[in-house]
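When a ligand or atom number is given, it counts from 1 through the structure's own listing order.
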Amino acid sequence: MPILPRLRDVDPLRTTVRIAVSGLARAGKTSFLTSVATNLLAGKLLDPAPDLISEAPAGAATLARFDAAANASAMAADPPAWPARTSDISLLALDLTFRRGRLRPDRRLRLEFLDYPGEWLLDLPLLHTSYADWSEQVMTRLEPIPAARDFLDFVQSIERGKGAEEGLAADGSRRYRALLRHLSQAEHLSMLQPGRFLMPPHGTVLPDGGTTPPANEPPYMKFFPFDRSGPFTRLLAERYDAYVRAVRAELSQPSFARIDRMVVLADVLAALHAGQTAFRDVRAALATVAESLRWRNTPGIIPERIANLLPLGGIRRVAFVASKADHVGDAQRHNLKELVSRMTPTGGQAISRAFAVAAVRCTEDCTIPLGNGNATVIVSGVRGRVNRQMLGFFPGQVNPGLADDRPWNETFLEVPQFEPVRFDASGGNGIPNIGLKELFAFLLEDVL
Ligand SMILES: Nc1nc2c(ncn2[C@@H]2O[C@H](COP(=O)(O)OP(=O)(O)OP(=O)(O)O)[C@@H](O)[C@H]2O)c(=O)[nH]1
Ligand SMILES: [Mg+2]
């Protein structure tokens with residue numbers, strides 16, 4: 001039955017580019033996508049600008065549509081509201097037409113964007129990691145974290161050669177998930193695996209908004225890292241392998257398999273302000289993602305130039321983005337970009353580049369004279385929630401170096417939550433931003 005509508009939507013002359021917008025929790029993915037949609041529809045982001053642009057018909061799509069207009073008008077309201085936390089994937093599709101004169105056919109481009117939870121992104125490395133290696137990596141990461149002590153002691157208490165006991169697996173899995181939730185929510189850490197323990201697989205509806213796993217969750221979801229051998233370890237390893245197979249199967253569904261570009265957002269500035277543990281965590285998460293995006297499903301013997309022309313799948317371009325770059329002044333954004341670039345070592349077949357972007361600009365730079373004849377730059381904006389006063393925020397200097405040589409013993413500040421710079425609720429003039437145009441020039445360099 002859906003064949004007819006689908007056929008009507010088939011356009012052999014149209015190029016489709018599918019971009020996943022992902023990143024760590026609270027990195028700004030939904031705001032980013034809202035700003036991208038609004039600015040594209042307002043003709044602000046692309047050079048050359050398309051002659052026509054509209055939302056693509058939803059047809060018989062299986063993924064929920066991303067509601068950019070509702071998000072944009074909430075952000076423009078008085079008082080403004082930021083998007084709610086995202087708990088499943090959604091798709092935004094735009095059709096663009098570029099006229100090329102009377103003798104040449106129009107060029108048509110469909111841009112599809114997926115709001116892809118970052119928790120799932122951190123499952124990509126598991127596809128290439130054995131249970132034993134994964135367990136060891138997780139235990140090493142947990143070792144210095146005080147909140148992990150109880151869980152590590154529990155693991156230690158399991159005797160060597162333990163039988164494949166279901167009750168123990170369920171208990172351990174409950175403890176491990178509670179720890180992951182605590183580290184994510186209370187300690188704001190991101191490098192937490194498996195990601196689907198925190199953000200359930202696509203399509204899962206949680207009864208109480210996200211704390212208890214659904215009753216029909218498959219048994220393979222009950223495992224945890226365990227670094228010893230024996231029948232109990234074999235049970236956990238079999239479950240881990242089944243989990244990895246499920247992730248692989250999900251990634252090969254058409255909605256995900258055709259992703260060919262990716263934007264990975266991280267609120268690096270918030271991590272820098274939060275101190276050494278948070279910064280190390282974001283660094284590890286970004287490096288892990290960068291590492292797992294290196295590969296493409298290309299047989300190694302085919303040169304990249306030719307592979308790019310073949311429908312082989314895999315990610316071709318990755319933009320690693322420091323989000324909320326309006327939390328520092330203009331002069332610091334270069335350093336921020338440089339820092340992200342160093343955090344995401346590249347190589348392999350995907351082309352990657354670092355950016356510093358504020359998708360929804362909230363602040364302006366202000367130069368403040370210092371008593372000694374010098375001046376310093378602060379950013380100022382309207383602070384939300386509390387009493388909506390204008391607030392100046394001194395963001396300090398961004399050191400682009402990676403090493404732990406920065407002075408971590410200073411007092412850290414929480415970055416304030418600002419309100420968006422006011423914009424027209426219809427979105428007709430776009431959403432004020434920093435750096436989106438430059439980012440799109442890179443993302444679509446080969447198709448525009
Ligand atoms: N200053 C500034 N703040 C931003 C910007 N984008 C997002 N924020 C802030 O970051 C918060 C999180 O943004 P979201 O877009 O909801 O982040 P997300 O990555 O979709 O979050 P989850 O769906 O919970 O993972 C917002 O509520 C804003 O306070 C920006 O460009 N500039
Ligand atoms: Mg979101």
Side-chain angles (χ1 to χ4, degrees), residues 20-39 64 66-68 70-72 74-77 79-92 113-122 181 184-185 188-190 192 195 198-200 209-210 262-271 273-274 282 285-286 289 321-329 332-333 336 355-365 378-386 388 390-393 395 414-423 430-436 439:
V21 174
S22 193
L24 310 179
R26 310 307 290 144
K29 302 173 288 292
T30 308
S31 309
F32 175 92
L33 210 40
T34 303
S35 179
V36 164
T38 312
N39 284 305
F66 182 82
D67 197 346
N71 288 343
M75 282 179 194
W82 288 99
R85 296 216 56 182
T86 312
S87 57
D88 201 358
I89 195 155
S90 60
L91 178 85
L92 166 81
F113 297 92
L114 286 169
D115 186 352
Y116 190 88
E119 288 85 349
W120 295 352
L121 204 57
L122 286 169
R181 264 200 308 279
S184 163
Q185 288 166 11
H188 305 290
L189 299 186
S190 304
L192 304 171
L198 286 168
M199 179 65 68
M262 189 163 251
V263 176
V264 180
L265 296 165
D267 189 349
V268 174
L269 286 169
H273 281 288
V282 164
L286 278 180
V289 171
V321 178
S323 57
K324 312 180 197 176
D326 56 339
H327 286 151
V328 285
Q332 297 299 317
R333 277 179 218 126
L336 182 58
F355 295 86
V357 165
V360 182
R361 184 172 194 153
C362 298
T363 71
E364 300 292 343
D365 293 5
I378 65 163
V379 294
S380 81
V382 176
R383 183 191 189 148
R385 285 185 302 196
V386 191
R388 304 192 68 203
M390 196 73 179
L391 177 82
F393 173 62
E414 202 177 319
V415 184
Q417 191 185 47
F418 291 107
E419 292 185 355
V421 168
R422 306 217 61 82
F423 61 90
I431 296 185
N433 68 84
I434 300 167
L436 277 185
L439 172 66

Any heavy atom of H327 under 4.0 Å from ligand 1? The part involved is side chain
Applying a strict 4.0 Å limit to heavy atoms, is S323 in contact with ligand 1?
no
Say whether F418, considering both its backbone and side-chain N or O atoms, lies within less than 3.5 Å of an N or O atom on ligand 1.
no
Is the shortest N/O to N/O distance between R26 and ligand 1 below 3.5 Å?
yes
d(D67 CG, L33 CG) to nearest 0.5 Å is 11.5 Å
Residue from D115, N433, L265, V360 passing side chain to side chain contact (heavy atoms under 4.5 Å, CB included) with F32:
L265
Could you list the atoms of ligand 1 found under 4.0 angstrom from a heavy atom of A358?
31 (O)
Suppose I only count heavy atoms of A25 and a 4.0 Å limit; which atoms of ligand 1 are within that range?
25 (O)
In this structure, does ligand 1 have an atom that sits under 4.0 Å from one of the heavy atoms of G23?
no
Find the distance between NE2 (H273) and CG (D267) and round it off to the nearest 0.5 Å.
9.0 Å
Answer whether the closest heavy-atom distance between the side chains of M75 and P83 falls below 4.5 Å.
yes
Indicate the ring-plane relationship of F418 and H327, choosing parallel, tilted or perpendicular according to the 30° and 60° boundaries.
tilted
Going by the order shown, which atoms of ligand 1 are within less than 4.0 Å of some heavy atom of A27?
19 (O)
So what does the T30 OG1 - the Mg ion (ligand 2) - T86 OG1 angle come to, to 10°?
90°
Using a plain distance cutoff, I'd like to know if G28 has any nitrogen or oxygen under 3.5 Å from a nitrogen or oxygen of ligand 1.
yes
At under 4.0 Å between heavy atoms, is it the side chain or the backbone of D326 that contacts ligand 1, or both, or neither?
side chain
For E119 and A25, work out which heavy atoms get closest and say how close.
OE2-CB, 3.8 Å
Element-labelled atoms of ligand 1 that are located less than 4.0 Å from some non-hydrogen atom of S31:
6 (N), 7 (C), 13 (O), 14 (P), 15 (O)
Purely on distance, is any nitrogen or oxygen of C362 under 3.5 Å from one on ligand 1?
no
Atom 29 (O) of ligand 1 [closest protein heavy-atom partner, distance rounded to 0.1 Å]:
Q417 NE2, 2.8 Å
Return the minimal non-hydrogen interatomic distance between R361 and E364, and the atom names on each side.
NH2-OE1, 3.9 Å
Start with the C-alpha distance between R383 and F393, add both sets of side-chain angles, then the distance that settles side chain to side chain contact (heavy atoms under 4.5 Å, CB included), and finish with yes or no.
CA-CA 10 Å; R383 183 191 189 148; F393 173 62; over 6 Å; no
For ligand 1, find out whether one of its N or O atoms is nearer than 3.5 Å to an N or O atom of V360.
yes
What protein heavy atom lies closest to atom 28 (C) of ligand 1? Include the residue and the distance to one decimal.
W82 CD2, 3.3 Å
Under the criterion side chain to side chain contact (heavy atoms under 4.5 Å, CB included), I'd like the reasoning laid out for F66 against N71: C-alpha separation, chi angles, the key distance, then a yes or no.
CA-CA 9 Å; F66 182 82; N71 288 343; 3.5 Å; yes
Looking at non-hydrogen atoms alone, which of R85, M199, K324, K29 comes nearest to atom 3 (N) of ligand 1?
K324
